[in-house]
Amino acid sequence: MAGLREVQGANKCRVRAYRNAARSIDNLGRSVAEMAERGEDLSAIPGIGKELARKAVEISATGSLADLTRLRRQVPRAVTELMDLPGLGPNKARQLHEALGVATRSELAEAAQAGRIRRVPGFGPKTEERILAELAARRSDKGSNRSRFRHADVEQVVEGLLAHVRRDRGVVRAEAAGSFRRGKETVGDIDMVAACRPGYSVIDHFVSFGGISRVVSKGPTRATVVMRSGLQVDLRSVDKDSWGAALHYFTGSRAHTLKIRLMAQRAGLKVNEYGVYDGDRKIAGETEEDVNAALGLPYIEPELREDRGEVEAGLDGRLPELVTEGDIRGNLHTHTVATDGRMTLRQVADGAMARGYEYIAVTDHTQSLRITNGQDPARVLAQFAEIDRLNDELEGRLRVLKSAEVDILLDGSLDLPDGVLREMDVVVCSVHSHFKLPRKHQTERIIRAISKPCPIILGHGTGRKINVREPYDVDIEAVIDAAARLGRVLEVNGQPERLDINDVYAKMAKEAGVKLSVSTDAHRLSEFDFMRHGVMQARRGWLEARDVINTLPLEEMLASFG
DNA sequence: GCCGTTTTCGGCCCGACTGTTTTCAGTCG
């Protein structure tokens, strides 16, 4: 709607309202269709008012939008296709369409090859070349949906880039900002900020980095490059007395920044990436704490900056004290060589002790999950005997907990007999099959499973794998309600491709009074490091140490089930 | 079309870079 209205020359603020609303819904982490179905008031979503709430309900109910259909008839398809090309916005797309009469992308390509674009007023040879290059790239790129990158997959690149930037002697500090710094599970690009000695710019040094395949734009204070992997990286270089303001601005999220700027504006102040200004006088900018303080706000952790209530909480002094990796006393989801893990029991224990944990749960798969060599009751009990011997050897330095990742069967029963379940300290139970069940059935199945009177942790509650597999169709909010009622625990799984349940559901669970565990689902020793990713997701879900059972000493942890 | 610590009207973040122009519009983040 925004694009089409823009082409038609609609009021810019109205266009922006659509964009803001779309972004807000994108960042919501919940299904608006579901909310509509539950009869929730959609205008409670930031950026959604009465009219857009009505439109959202219409889309949810009918699968289409009458206004959109009408607009599409009014605006030639070619114009919107042209707008998808980087560098072409609504105005240029419209000009091209009107001047050359091109109706499709291939006609545009023909026009470009014939040199007709450069003769359109306002266009030139460079624009023509760029259009050709972009069209060619689209053709060769076909089928590869340019998905976002998983956070863990770009960490090394970010470290390399930062090390390169910091090597420049004019650089005082440099950090990644953007969604990477906010700990989002995926990132679309990498934003970085460098603080330099006064008057110095690191941009030339930055673009000399080895892994760069293309410099998209480059000025004295910022550059955009594309790495060979296709990852785009933006660097912003500022004087060190603007470090805080620049880091704040480029960390975003855009919705968070926008909210703060509007707030400042109402207070008669101006915020930009150089600082906070009272008229011409700069009143803050060197640190993020200064910037926020100038606006009457405490420091807000990057993971919270999504305009999900953190600004209001900051104003009211209600910001959560987020859980840290240092708070974690144990890991409640690991696998050994008994099933599909690569660690022996002893190695699991050693890994846990190396990380200073007080306890660790061994949660191998159960019999129904054949592909992992899942354990039948006899093997489970044999493993428990082995755990008893190991605990004796460890003499209290670590407690290895008896557990399993018990399969939730099709009907919601658990994959081990009650007698075996009773031997366990905690029971992780998870869905590994029948992903395609109808929503109602899937939801009832999971709720039945966690209703079993055991100390149950629901493992990876939605089954999604980022960029690989969609979540199964489950009413996770109903599961959260059930967990709250039953005193069951939901897991935040730290596997970088799972991170399941996600930040939004974790926050929802917390607000419903549900406790969570943050665990690694480690199959090998190095995967103990996944705790970092799990904690990051938990922090994005506003979780504090007291919300996470594995920050508790052993006995208290065991007592935290309903 | 949204929104409110100047609240139901009258505003709407702010700056960098590019390509084209010869002082700036368009695009992007």
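The structure displayed is predicted, hence computed values, not measured ones. In what follows, every chain begins at residue 1, and chains take the letters A, B, ... in the order their sequences are listed.
- Residues forming a salt bridge (Lys or Arg N to Asp or Glu O under 4.0 Å) with A:E511 (at least two apart in sequence, or on another chain): A:K507.
- In this structure, the CZ atom of A:R23 is 15 Å from the P atom of B:dC2, given to the nearest Å.
- Residues forming a side chain to side chain contact (heavy atoms under 4.5 Å, CB included) with A:R166 (at least two apart in sequence, or on another chain): A:L162, A:A174, A:E175.
- Rounded to whole Å, the separation between the P atoms of B:dC2 and B:dC13 comes to 15 Å.
- Taking atom P on both B:dG15 and B:dT8, the two are 29 Å apart, rounded to the nearest angstrom.
- Counting only residues at least two apart or in different chains, salt bridge (charged side-chain N to carboxylate O under 4.0 Å, His left out) contacts with residues 292-306 of chain A comprise A:R182-A:E306, A:E288-A:R305, A:E301-A:R539, A:E303-A:R539, A:E306-A:R540.
- The interatomic distance linking A:K50 (NZ) with B:dC2 (P) rounds to 10 Å, in whole Å.
- Proximity of residues 63-72 of chain A to DNA chain B (heavy atom under 4.0 angstrom from any strand atom) is not detected for any residue.
- When each of B:dG29, B:dT27, B:dT5 is scored by its nearest atom to the side-chain atoms of A:D234, the top-ranked nucleotide is B:dG29.
- Across B:dT27, B:dT20, B:dG29, the shortest atom-to-atom separation from the side chain of A:T127 is found for B:dT20.
- Across the protein-nucleic acid pair, A:D191 atom CG and B:dG29 atom P stand 10 Å apart, rounded to whole Å.
- Pairing for B:dC17 goes to B:dG26, judged as Watson-Crick or G-U wobble with the two contacts each under 3.5 Å.
- Applying the side chain to side chain contact (heavy atoms under 4.5 Å, CB included) criterion to A:T127, with sequence neighbours excluded, gives A:F123, A:I131.
- B:dC9 sits 25 Å from B:dC14 when the P atoms are compared, rounded to a whole Å.
- Around the CZ atom of A:R281, the shell of radius 6.0 Å holds no more than 12 heavy atoms that belong to other residues, nucleotides or ligands.
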**Asked** Can you give one letter per nucleotide of nucleotides 8-17 of chain B, 5' to 3': B if a protein heavy atom sits under 4.0 Å from the base, S if only from the sugar-phosphate, - if neither?
**Response** ----BBSSSS
**Prompt:** Between A:V311 and A:H256, does a side chain to side chain contact (heavy atoms under 4.5 Å, CB included) hold up when you go through it step by step?
**Reply:** CA-CA 8 Å; A:V311 176; A:H256 175 88; 3.9 Å; yes
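- For the contact set between residues 286-320 of chain A and DNA chain B, defined by any heavy atom under 4.0 Å, there are no members.
- Donor-acceptor pairing under 3.5 Å is recorded for the side chains of A:T324 and A:D327.
- Using a 4.0 Å heavy-atom distance criterion, A:K12 is classed as making no nucleic acid contact.
- Residue contacts for A:Q232: at a heavy-atom cut-off of 4.0 Å it reaches the sugar-phosphate backbone alone, with no base atom in range.
- When the P atom is used for both B:dA16 and B:dT22, the distance is 24 Å, rounded to whole Å.
- With sequence neighbours left out, the ring-ring contact (aromatic ring centres under 6.0 Å, His included) criterion links A:H97 to no other residue.
- By the 6.0 Å and 45° rule, A:R261 stacks over the aromatic ring of A:Y249.
- Heavy-atom nearest nucleotides on DNA chain B were determined for A:R130 and for A:A267, and the one closer to the 5' end corresponds to A:A267.
- For A:D473, the side chain to side chain contact (heavy atoms under 4.5 Å, CB included) partners are A:R439, not counting sequence neighbours.
- Contacts of A:K259 with the nucleic acid, taken as non-hydrogen atoms under 4.0 Å apart, are absent.
- Between the C1' atom of B:dT27 and the CD atom of A:Q95 lies a distance of 12 Å, rounded to the nearest Å.
- Using a 4.5 Å cut-off on side-chain heavy atoms (C-beta onward), A:L28 and A:I45 make contact.
- Comparing the P positions of B:dG1 and B:dT5 gives an interatomic distance of 23 Å, to the nearest angstrom.
- Remark: P of B:dT27 and CG of A:D84 are 13 Å apart, rounded to the nearest angstrom.
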Identify the pairs formed between an N or O of the protein and an N or O of nucleotides 21-23 of chain B at a distance under 3.5 Å, and give each distance.
none

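- Regarding contacts with the backbone of B:dG26, every side-chain N or O of A:K92 stays at 4.0 angstrom or more from both OP1 and OP2.
- With 3.5 Å as the limit, one finds no donor-acceptor pair spanning the side chains of A:K218 and A:T224.
- Spacing of C1' atoms, B:dG26 relative to B:dT20, comes out at 10 Å, to the nearest Å.
- Taking atom CG on A:L96 and atom C1' on B:dT27, their separation rounds to 14 Å, with Å as the unit.
- For A:E128, the side chain to side chain contact (heavy atoms under 4.5 Å, CB included) partners at least two apart in sequence or on another chain are A:A112, A:I117, A:R118.
- Salt-bridge formation is detected for the pair A:K55/A:D67: a Lys NZ or Arg NE/NH1/NH2 atom is positioned less than 4.0 Å from an Asp or Glu carboxylate oxygen.
- The salt bridge (charged side-chain N to carboxylate O under 4.0 Å, His left out) pairs that include a residue from residues 14-29 of chain A are A:E6-A:R19, where partners are two or more places apart or lie in different chains.
- For the C1' atoms, the distance from B:dG29 to B:dT23 is 24 Å, rounded to whole Å.
- In this structure, A:I260 reaches neither bases nor backbone, as no heavy-atom distance under 4.0 Å exists between it and the strands shown.
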